[in-house]
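All values below were derived from every heavy atom in this structure, side-chain atoms included, with hydrogens, water molecules and symmetry-related copies excluded.
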Amino acid sequence: RPRHEDGLLVHRLVLVLGVAGTTIGLYRAVSAERLAVDARKNAVQEREKADDERAKAESARTVAERRFKLAKDAVEEYLNRVTANQKLKQADFLKLRKELLEAAIPFFEKLADEKPSDTTEEVARADAYGRLGSLRANIGEHAQARSDYERMLASYEKLVKDSPRGQEFLQGLAVAQNNLANRLKVLGEHRAAKDMFAQAVQNWELLVSDSSADSKLRQFYRQQLTRSQGNLGEMLAALGDLPGARRLLEDALATRKALVADAPSNAAFRADLAGGYVTFGSFLRHQGDNRGVMDAINEGAKLYEKLVDEFPKEPAYREDLSTAYGNRGNMERTLNMNDGARSSYEKAIAIRDQLAKEFPTVTRHQARLATSFNNMGNLHRELGKHAEARDAYKRAIELQQTLVNGPQPVPEFRFDLGMTYGNLGRAQRELRENGAARKAFAQAIAILTAIADEFPQVLEYRFELAGIQYFV
């Protein structure tokens, strides 16, 4: 075979191999591209599937949240109607309202626990505890009310501390502080109550100084400030700080006069002004300013009488009017205005007896009715009508003993019972019922000794105990 043929064969072989290699390379490239396209297609499909699933999940979550919000709004609206309904306040539905609130509390707890960073849910929980505490306080469950207000306080302290808009929650914090302080006062923890009232006053002052608040809101802040000032003033007086008490009570009274001058048709402002007059009058009585006492209490009574005429079904105004009558009777008795004192006491008894019948679960009405019977007994005894005095004291003791034997024997109830036993002993001794008198005095001393030892910071308890021991 010629040599050039071998070269041609080799050349053809190389050409074939080159074409085959190119074909294989092209095949591999096409296969790789096809795999890449398939991979991209699968990725797109997976993404679309994930997007669909996420959209469905978000849609389901949106629906669930919308339904949950509807349920929450429905519960809140229902509770608002239950707790704010004026008709329910005019009859003894307090226990029912309390039970409804107790049933709602777990809902708000779960709400806040599931969304711990959601301030809206934390506020809802705090306010639910606040409402429950208010109802429990009204029916005399003071220890439980204290616990509710402590939870309300804890929530608002957290909100003020953790939220960048903490100032917005200062109002709720001040309300919780004032309400908790009132329960501490009733439970005999006077120094703790004083400190808590002082914190409330400080926070209301901060809110009043907020120039960004509109005029209506600032009016509200000023009103709430006067209430905490009045509470703190009474507490300071009980603890012996009379100059501090007077300053606060005078400041509160001046602000209330200004609020009524700005909004004379506002019933709440007028009621607060009436209360300010009566409270200041009681303070002046212990200062020996007899003329100032009568002027202040009469101003308060006149304002309350107008409110009762305008709102005859509002129990709070009737209750406060009875307090004004009772305080006025005490002052009239001190001034030997005995006919006036008797008339004032009779008016107080009539109102309080009616309230106690309308609201048998509100222990405060029974306690104040007992106070009125005790006051009437004191008047009878001073006039030498010892049999009438004895009977009035016994009616008071019957009410007070029921309260002390109840589920919430607060210090105030025990103190009042001890004092009335002491008064009963005096009347019985004048009637020469010596055996009964000794028993009454023994009861008084036992009760007052126990409460004075339990609450050594309350000077009034030891002072009255010493008075009875000296008399005996």
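You'll find the side chain of F197 stays beyond 4.5 Å of the side chain of V201, heavy atoms only. No side-chain heavy atom of E346 sits under 4.5 Å from any side-chain heavy atom of Y325. Side-chain contact between E454 and R414 is present, with heavy atoms from C-beta onward closer than 4.5 Å. Here the side chains of L321 and I351 are in contact, with some heavy-atom distance below 4.5 Å. Inter-residue side-chain proximity for Q144 and R183 is flagged as unmet; no heavy-atom pair is nearer than 4.5 Å. Using a 4.5 Å cut-off on side-chain heavy atoms (C-beta onward), E460 and H190 make no contact. Looking at heavy atoms from C-beta onward, L307 lies out of side-chain contact with E314 at the 4.5 angstrom threshold. Counting only heavy atoms from C-beta outward, the side chains of M196 and L153 approach each other to under 4.5 Å.
Donor-acceptor pairing under 3.5 Å is lacking for the side chains of D262 and Q219. N374 and N423 share a side-chain donor-acceptor pair at under 3.5 Å. Of the N and O atoms on the side chains of Y277 and D295, not one donor lies less than 3.5 Å from an acceptor on the other residue. A side-chain donor-acceptor contact under 3.5 Å links E332 and S344.
By the 4.0 Å N-to-carboxylate-O rule, E310 lies too far from K306 to be salt-bridged with it. Ionic pairing of K158 and E122 is not present here: no N-O contact between side-chain nitrogen and carboxylate oxygen is shorter than 4.0 angstrom. Comment: K161 does not engage E157 in a salt bridge, judged by the lack of any side-chain N to carboxylate O separation of less than 4.0 angstrom. For E305 and K347, the salt-bridge test fails: no basic side-chain N is under 4.0 Å from an acidic carboxylate O. The existence of a salt bridge linking K257 and E299 is excluded, since no basic side-chain nitrogen approaches an acidic carboxylate oxygen closer than 4.0 Å. One finds no salt bridge joining R131 and D127 here, because no Lys/Arg side-chain nitrogen approaches an Asp/Glu carboxylate oxygen to under 4.0 Å.
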Any chance you could lay out the side chain to side chain contact (heavy atoms under 4.5 Å, CB included) test for N378 and N375, step after step, and finish with the verdict?
-> CA-CA 5 Å; N378 289 337; N375 289 339; 4.3 Å; yes
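Distance alone, capped at 3.5 Å, places no donor-acceptor pair between the Y345 side chain and the M376 backbone. Counting only distance, with no hydrogens or angles, the side chain of R352 and the backbone of R368 share a donor-acceptor pair below 3.5 Å.
Summarising the geometry of F413 relative to A367, their closest heavy-atom pair is CE2-CB, 3.6 Å, with the distance given to 0.1 Å.
Evaluated for a ring pair (Phe, Tyr, Trp, His ring centres under 6.0 Å) with F415, the options Y421, F463, Y461 yield exactly one hit, Y461.
Sparse packing is recorded around CZ of R395, with 12 or fewer heavy atoms of other residues, nucleotides or ligands lying under 6.0 Å away. Applying the 6.0 Å contact sphere to CD of Q469 captures more than 12 heavy atoms from other residues, nucleotides or ligands.
Using cut-offs of 30° and 60° for the angle between ring planes, the F220 and W204 rings count as perpendicular.
Qualifying salt bridge (Lys or Arg N to Asp or Glu O under 4.0 Å) partners for R285, counting only residues two or more places apart in sequence or in other chains: none.
Because its NZ or CZ atom is both nearer than 6.0 Å to the ring centre of F471 and within 45° of the ring axis, R426 counts as a cation-pi partner of that residue.
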